[in-house]
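Have a look at the structure below, then the notes.
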Amino acid sequence: MNQLYDFKIIEKKWQKEWLENRIFEVDEDEGKDKFYCLEMFPYPSGKIHMGHVRNYAIGDVIARYKRMKGYKVLHPMGWDAFGLPAENAAIKHGVHPAKWTYDNIEYMKKQLIRLGLSYDWRREVTTCSPDYYRWNQWIFLKLYEKGLAYRKASFVNWCPSCATVLANEQVIDGLCWRCESQVEQKELEQWFLKITAYAEELLRSCDKLNGWPEKVLTMQRNWIGKSEGVEVDFPIVGMNESLRIFTTRPDTIFGVTFMCISAEHPLSEKLCEDKESLRRIRQLQREPDIKEGIFTGKYAINPLNEERIPIWIANFVLMEYGTGAIMSVPAHDQRDFEFALKYKIPLKVVIKPQDKELVEPLQEAYEGDGVMVNSGEFSGLSSTEGKRAVADFIEKKGIGRKTVNYRLRDWGISRQRYWGTPIPIIYCDKCGIVPVPEKDLPVLLPENVNLTGKGESPLKYVDEFYNTKCPTCQSPARRETDTMDTFVDSSWYFIRYCSLNKEEAFHREKIKYWMPVDQYIGGIEHAVLHLLYARFFTKVLRDLNIVSFDEPFERLLTQGMVCMESYKCPDHEWLFPKEVEEGKCIYCGKAVHIGRVEKMSKSKKNIIDPDEMIESYGTDTVRVFTLFAAPPEKDLEWSSQGVEGAHRFLKRVYALVYKNHKWLRDTALISPHEPIQEVQTSSILNLIHRTIKRVTLDIEKEYQFNTAIARLMEFVNEIYSYEPKTETERKAFKFAIRNFLILLSPFAPHIAEELWRAIGEEGYILNEPWPSYDEELAREHTVELVVQINGKVRSKIMIPQGMTDEQIKNIALDDEKIKSWLDGKEIIKVITVKGKLINIVVKE
RNA sequence: GCGAGAGUGGCGGAACGGCAGACGCGCUGGACUUAGAAUCCAGUGGGGAGACCCGUGAGGGUUCAAAUCCCUCCUCUCGCACCA
């Protein structure tokens with residue numbers, strides 16, 4: 001055994017051996033319980049970043065722990081390999097996207113192996129390979145057959161920088177999720193997947209996702225945005241037409257004083273003669289904070305009270321939601337109130353709050369519940385009763401119906417870019433839209449293309465791709481040239497991992513054994529993107545009888561961000577941490593401005609390169625630090641001194657074993673039946689059982705790896721003080737070290753493996769069962785009794801474990817310090833807690 | 001504006017309603033060194049000579065006992081935000 005902890009040699013050695021001996025490979029075993037541990041696969045952008053390291057370190061601890069607990073653990077990894085950066089790199093540097101991508105994958109795979117992650121690489125999935133994307137196409141065809149994939153012209157989100165369309169989920173605050181450019185509206189014909197057909201189920205089964213963070217579920221529920229209400233037809237005066245509106249507040253229908261329609265509403269042209277103003281309103285569409293409208297000069301009739309209601313066109317009414325037209329109740333809706341105020345439209349109060357009087361003129365709309373007033377026969381009903389009564393009345397009269405609206409829109413998947421899955425559709429002049437027959441899959445992405453990034457699919461100009469024959473009538477036809485959104489790829493990859501066979505993507509028995517994923521780990525940025533799409537696909541695949549479960553991810557852990565302070569030099573802009581020495585810029589010596597701790601990002605250069613860290617300290621240190629510095633779901637602040645601390649800990653572990661390895665090697669383990677005489681033996685056994693217990697509970701309880709590692713540090717600190725002398729003490733010591741190494745191994749697998757062999761153990765530590773603890777031995781022999789008087793600590797006394805309340809009371813009252821505190825005072829009450837605390841309540 | 005989460009030493013962070021500050025960083029002292037680095041040992045919330053007192057964003061409350069439960073407020077972070 002080498003005296004020094006040479007992590008480079010150790011880590012390389014074991015990584016090689018683990019791979020060669022294929023110890024991470026796993027197959028089904030019906031006799032054993034399974035555990036599917038999955039981390040979100042990365043986009044092969046070039047290099048792994050610290051966020052990945054954290055994500056995968058967390059997953060690896062869980063996978064290794066569960067495996068040692070006796071589960072068959074599926075722990076796969078792959079590449080989300082289609083996407084824009086590859087194409088942009090190609091345009092910029094002239095490398096083919098495929099080469100760029102596969103080169104990156106090769107490099108990043110090496111990095112993952114260097115991290116000691118326990119993946120079964122036989123299952124590796126690369127979404128840009130035809131083996132994979134042919135199944136995207138196959139699923140698309142199935143969706144098409146079921147009417148769940150359709151083509152439609154509409155206004156879509158267009159990112160000018162990415163030169164492609166984006167789905168609604170991919171627009172964050174009006175900006176592109178990927179590049180943060182301002183998103184525009186463009187009218188295009190596009191392919192959509194009917195996720196709205198599953199809106200209700202996606203919403204309802206949120207309630208069953210007990211293992212998900214409430215925050216993510218809230219975001220999904222908000223995104224789906226269900227609201228129940230009624231649609232009502234308001235006849236238009238002098239026209240043979242009605243204006244259909246949607247409202248969730250039928251109880252306020254007697255308070256309508258105007259109507260508003262969207263400028264994009266089909267009737268807007270017909271109703272509004274002032275085309276100039278109409279165009280102006282269209283320009284102001286979705287402009288926040290501005291309310292603009294024009295009166296059309298036309299009126300509608302409120303079908304409940306026959307009142308004449310002016311019809312307006314307003315910029316704040318959305319065509320995509322409801323019917324694109326609303327009834328406006330300014331007294332009870334703040335938006336309508338502001339609009340009415342601006343255009344001096346009268347208000348009519350029809351809801352009276354229970355607990356206060358509304359003082360007119362109103363200062364703001366009253367949107368709460370109350371009692372209906374000025375509402376004809378409905379007056380006197382509560383809002384809740386009124387909603388139902390008015391809705392029933394409307395249905396009975398045949399002027400409308402109860403409806404449910406969702407904010408969720410269908411998923412637009414067409415992308416005007418090259419590096420994605422071709423949509424398997426052919427356009428024929430005679431037959432129209434013709435799906436590519438299943439037997440002709442995959443529709444291969446041609447390799448020779450001229451990439452421009454100008455907003456049109458380059459496939460259009462690849463003749464041998466574009467020109468084809470109609471599968472139905474054999475006449476010349478054209479292929480669809482848009483490719484699929486890459487979120488399609490990641491919507492089912494977790495199912496693909498289950499089947500090893502290259503030809504068969506959906507091996508039903510294997511899927512049945514492994515799925516659903518027991519623990520999914522990734523960033524919260526996918527709360528409504530990937531996670532919603534994956535849930536949707538799972539339900540679709542279930543309805544296609546490919547899978548038999550409703551939800552893909554049993555438990556979800558959203559890990560926090562990796563953060564760091566940033567540095568900015570007055571002359572040299574943002575600086576990398578290594579460009580700063582003692583608070584000064586290494587180029588000009590000027591003091592740098594230290595920015596707040598925030599997510600590591602290339603633009604602010606507040607990044608730490610995992611490769612450099614591994615080079616200097618080793619993988620085990622990096623893993624231990626990232627797991628120790630914060631609980632997994634919280635943000636982690638990178639600290640170079642913290643890394644040193646983690647490294648110091650591992651060096652201490654190494655030195656501890658080195659110091660004793662010669663005799664440890666030849667010593668047997670203490671048997672559970674061996675009589676314990678020496679105090680030290682009993683202390684060592686108590687220490688290790690205590691440690692096993694606490695580490696196990698910390699991992700089981702919400703994956704508290706930070707405290708688990710703290711326990712391991714405590715173990716090391718304490719065992720340093722023991723000098724085993726007798727044979728029994730040595731056997732106990734060996735037992736302790738051996739089990740400690742198992743406990744350490746999920747966090748720092750390489751050093752654990754190395755030391756495992758150094759103390760004479762055989763086989764791979766990953767194949768060892770997780771140690772169990774003896775409750776009796778884990779208990780402390782003596783307890784520090786805390787004695788309080790009126791809730792304040794007044795004394796601490798060491799007592800044997802297991803005293804009765806009465807004994808404790810006597811000991812406490814007999815204590816000299818306590819006696820002096822109690823002198824001359826009357827004891828009212830004595831409370832003892834679990835044999836370790838006593839509170840004596842006295843009259844002051 | 002609405003919703004969720006958070007606020008604890010110099011710092012990262014611990015604490016089933018029961019000893020606030022585990023563990024780590026940093027700092028202080030000591031040992032080993034010619035010296036340093038590394039390592040090891042000890043100490044380290046604030047005040048006070050001391051007995052003790054004060055301390056978990058602020059203020060109230062419940063309780064024998066509150067960082068933890070309840071109410072009001074402040075600050076920060078993250079979602080949502082013309083969805084009728």
Side-chain angles (χ1 to χ4, degrees), chain A residues 4 172-173 213-219 221-223 225-227 229 245-249 252 260 262 285-291 314-318 320-329 332-336 338-339 367 405-409 524 527-528 560-561 563 596-598 624-625 628-631 633-646 648-649 651-652 655 694 698 701 704 706-717 720-721 784-796 820 828-834 836-842:
Chain A
L4 290 175
I172 318 276
D173 290 331
E214 204 45 51
K215 188 188 167 106
V216 175
L217 293 176
T218 305
M219 286 166 75
R221 288 189 185 107
N222 280 343
W223 190 261
K226 178 181 181 174
S227 61
I245 59 97
F246 172 75
T247 181
T248 55
R249 292 293 304 268
T252 65
C260 287
S262 163
Q285 204 78 266
R286 318 161 182 273
E287 196 69 45
D289 309 321
I290 303 173
K291 290 212 167 31
N315 73 324
F316 68 91
V317 179
L318 309 170
E320 321 76 89
Y321 187 78
T323 59
I326 59 167
M327 64 175 211
S328 291
V329 185
H332 303 293
D333 182 292
Q334 189 57 27
R335 294 157 301 184
D336 298 344
E338 285 166 25
F339 193 85
E367 297 184 319
N405 255 303
Y406 298 91
R407 282 161 70 178
L408 182 69
R409 302 267 74 98
I524 193 146
V528 278
M561 299 180 299
C563 300
R596 71 185 180 106
V597 175
E598 59 192 318
V624 167
F625 171 72
F628 175 66
E633 67 283 0
K634 286 184 63 176
D635 286 351
L636 177 152
E637 185 184 336
W638 192 266
S639 149
S640 49
Q641 281 163 337
V643 179
E644 302 250 9
R648 203 169 299 154
F649 164 63
K651 276 202 285 193
R652 230 163 116 78
R694 298 182 77 175
D698 280 346
K701 199 179 95 193
Q704 288 185 29
N706 56 328
T707 51
I709 292 170
R711 304 304 163 220
L712 296 174
M713 289 171 168
E714 279 178 82
F715 170 90
V716 173
N717 291 344
Y720 253 79
S721 63
E784 193 179 48
L785 176 69
V786 175
V787 188
Q788 297 181 336
I789 293 172
N790 287 346
K792 293 199 169 181
V793 182
R794 293 307 179 192
S795 184
K796 291 179 182 183
S820 67
I828 302 169
K829 204 174 178 181
V830 174
I831 293 140
T832 50
V833 182
K834 290 176 204 156
K836 62 176 184 181
L837 184 138
I838 179 167
N839 189 11
I840 303 164
V841 185
V842 298

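Since the model is a prediction, treat every value here as computed from it, not as a measurement.
Side chain of A:Arg249 to backbone of A:Glu367: a donor-acceptor contact under 3.5 angstrom is found.
A distance of 6.5 Å separates CG of A:Asn222 from CZ of A:Arg407, quoted to the nearest 0.5 Å. Taking CD1 of A:Ile831 as the reference point, atom CD1 of A:Ile838 lies at 9.5 Å (rounded to 0.5 Å). The CZ atom of A:Phe649 sits 8.5 Å away from atom CG of A:Asn717, with the distance rounded to the nearest 0.5 Å. A:Arg596 contributes atom CZ, which lies 9.0 Å from atom SG of A:Cys563 (distance to the nearest 0.5 angstrom).
Summarising the geometry, the separation between CG on A:Asp333 and P on B:G1 is reported as 19 Å, rounded to the nearest angstrom. Separating the CZ atom of A:Arg407 from the C1' atom of B:C80 is a distance of 7 Å, rounded to the nearest angstrom. Rounded to a whole Å, the CD atom of A:Glu214 is 15 Å from the C1' atom of B:C78.
Taking the P atoms as reference points, B:G43 lies 22 Å from B:G48, given to the whole Å. Remark: the separation of the P atoms in B:G55 and B:G46 is 16 Å, to the nearest Å. Look at the P atom in both B:G30 and B:C52: the space between them is 31 Å, to the nearest Å. Using C1' as the reference atom, B:A20 and B:A31 are 33 Å apart when rounded to the nearest Å. To the nearest whole angstrom, the two P atoms, one in B:G47 and one in B:G10, are 10 Å apart. Only the P atoms considered, B:G21 is 9 Å distant from B:G45, to the nearest whole Å. Separating the P atom of B:U63 from that of B:A58 is a span of 23 Å, rounded to the nearest Å. B:G24 and B:G59 have their C1' atoms separated by 35 Å, given to the nearest Å.
A:Glu598 comes within 4.0 angstrom of no nucleic acid atom, judged by non-hydrogen atoms across all strands. Residue contacts shown for A:Val830 are absent, as no nucleic acid heavy atom lies under 4.0 Å away. Heavy atoms of A:Lys792 sit under 4.0 angstrom from primed sugar atoms or phosphate atoms, though from no base atom. A:Thr218 comes within 4.0 angstrom of nothing in the nucleic acid, heavy atoms only. Heavy atoms of A:Ala629 sit under 4.0 angstrom from primed sugar atoms or phosphate atoms, though from no base atom. A:Ile789 comes within contact range of no nucleotide atom at all, as no heavy-atom separation falls under 4.0 Å.
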Give me the distances for all protein-to-nucleotides 61-63 of chain B N/O pairs that come in under 3.5 Å?
none

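RNA chain B contains the following stems of three or more consecutive Watson-Crick or G-U pairs, with both distances under 3.5 Å: B:1-7 with B:74-80, B:10-12 with B:23-25, B:26-31 with B:39-44, B:45-47 with B:52-54, B:57-61 with B:69-73.
Side-chain atoms of A:Phe246 lie closest to B:A84 of the nucleotides B:A38, B:A84, B:C40. The A:Glu637 side chain lies nearest to B:G12 when the options are B:A14, B:G12, B:A84.
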Going 5' to 3' along nucleotides 17-25 of chain B, which nucleotides have protein heavy atoms under 4.0 Å from the base (write B), which only from the sugar-phosphate (write S), and which from neither (write -)?
-BB--BBSS

Verify salt bridge (Lys or Arg N to Asp or Glu O under 4.0 Å) between A:Arg221 and A:Glu214, making sure each step is shown before the conclusion.
CA-CA 10 Å; A:Arg221 288 189 185 107; A:Glu214 204 45 51; 3.3 Å; yes

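No side-chain heavy atom of A:Ser328 sits less than 4.5 Å from a side-chain heavy atom of A:Phe339.
Of the side-chain N and O atoms in A:Arg221, none sit less than 4.0 angstrom from OP1 or OP2 of B:G79.
Nucleotide B:G9 carries a syn base; the chi torsion (O4'-C1'-N9-C4 or O4'-C1'-N1-C2) is within 90° of 0.
Mapping A:Ala325 and A:Val528 onto RNA chain B by nearest heavy atom places A:Val528 at the nucleotide closer to the 5' end.
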